[in-house]
Amino acid sequence: MAAREVEHRPIGVFDSGVGGLSVLQALQAELPHERFVYVGDQGHAPYGERDDAHVLARSRAITDYLLLHHSIKALVVACNTATAAAIWHLRAAYPTLPMVGVEPALKPAATQTRTGVVAVMATRGTLQSDKFKGLLSGLAGTTQFRLQACDGLADAIERNDVERIQALCVTYTQALGPFGTADGQADVLVLGCTHYPWIDPLLESLVGAAIPRIDAGAPVAKQTRRVLQDHGLSASTDTHASPLFTPLASKSVGVHDASPATMTTCASTLFCSTGDPSALQNAVKRWLHCNVEVTPISV
Ligand code: DGL
């Protein structure tokens, strides 16, 4: 394939639903010349309380779809649970496809903590995975990690069920506490699920503004840049990404008006959902501040 063609192929990004938009946002900021195809697997979500076989089969099916229908040049698994359950399999099944996954930011948290106590919120699937246990055992000597499996939280965020989100966050942060800068208190909170950055203001209000909340969006975006460069797959930087999709700029579909800057960002991404497209459409409007059409897909 000619180099010019390679440059213009999009990067595939997927999550069980709207959570991976937090990674997509970081990718769009880090790589403004790239195009993306985002798949929210909302017809088969949440992943966090399902068995590995389900998550693995879904990850495989979505990767096949992205390769077959969009000729992606690289894949970002924008989901901690899918990375933990399936990235080893995906790497073996698609050895020539450059791939980046996401894992809870334990290492940066261990570097930042002064009390030596770090709290971690993640899905049950992530915390029970061998991948996570390996990551933890490499760091556990120096730092104490308090782990909380947040059953139901990704699902509540997916449904934008504000009352349930509030109730679950109160329960889970209390279970992880106390937070603070004194001995024995957790002074860093790791957001180990890509859905959780979207509720950061609530978490900040519960644990205190002095407690940094760390997610992996920005490091994943930087790693994606490195991987593209290593494979000679970076898009040309002399032009902005050509649109994959035309945002609904002229139509008024609701709460947020898209600014020209965010419209350009959204125009470089095609959004697809295996479930109700309006849930993803609303999340893109709410968080990325632009109006897009979401393509329903059957995968
Ligand atoms: N956003 C996903 C993660 O980072 C999964 C949430 C879910 O489907 O349970 O783990």
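Note that the structure is a prediction, hence the values are computed from the model and not measured. Just follow the structure's listing: the first ligand is 1, and inside any ligand the first atom is 1. Heavy atoms only: backbone and side chains are in, while hydrogens, waters and symmetry mates are out.
Between the side chains of Gln229 and Arg226, no donor-acceptor pair is found at a separation under 3.5 Å.
Taking the charged nitrogens against the carboxylate oxygens, Glu34 and Lys73 do have a contact shorter than 4.0 Å, which makes a salt bridge.
Phe271 and Tyr38 have tilted rings, their planes meeting at an angle from 30° to 60° on a 0 to 90° scale. Note on ring orientation: taking the six-membered ring where Trp is involved, the planes of Tyr47 and His54 are perpendicular (angle over 60°, cut-offs 30° and 60°).
Val120 and Leu135 fall within the same hydrophobic cluster, where Ile, Leu, Val, Met, Phe, Trp and Tyr residues are linked whenever their side-chain heavy atoms come under 4.5 Å apart, directly or through other members.
By the criterion of a heavy-atom distance under 4.0 Å, neither the backbone nor the side chain of Ala45 is placed next to ligand 1. At a 4.0 Å heavy-atom cut-off, ligand 1 touches Thr123 through the side chain alone. At a 4.0 Å heavy-atom cut-off, ligand 1 does not touch Asp155 at all. With a 4.0 Å heavy-atom cut-off, ligand 1 is reached by the backbone of Cys79 and by its side chain too.
Considering backbone and side-chain atoms together, Glu49 places no N or O closer than 3.5 Å to any N or O of ligand 1.
Nearest to atom 10 (O) of ligand 1 among the protein's heavy atoms is Thr81 OG1, 2.5 Å. Looking only at heavy atoms of the protein, atom 9 (O) of ligand 1 is closest to Gly48 N, 2.8 Å.
Within 6.0 Å of the CG atom in Asp183, the count of heavy atoms belonging to other residues, nucleotides or ligands does not exceed 12.
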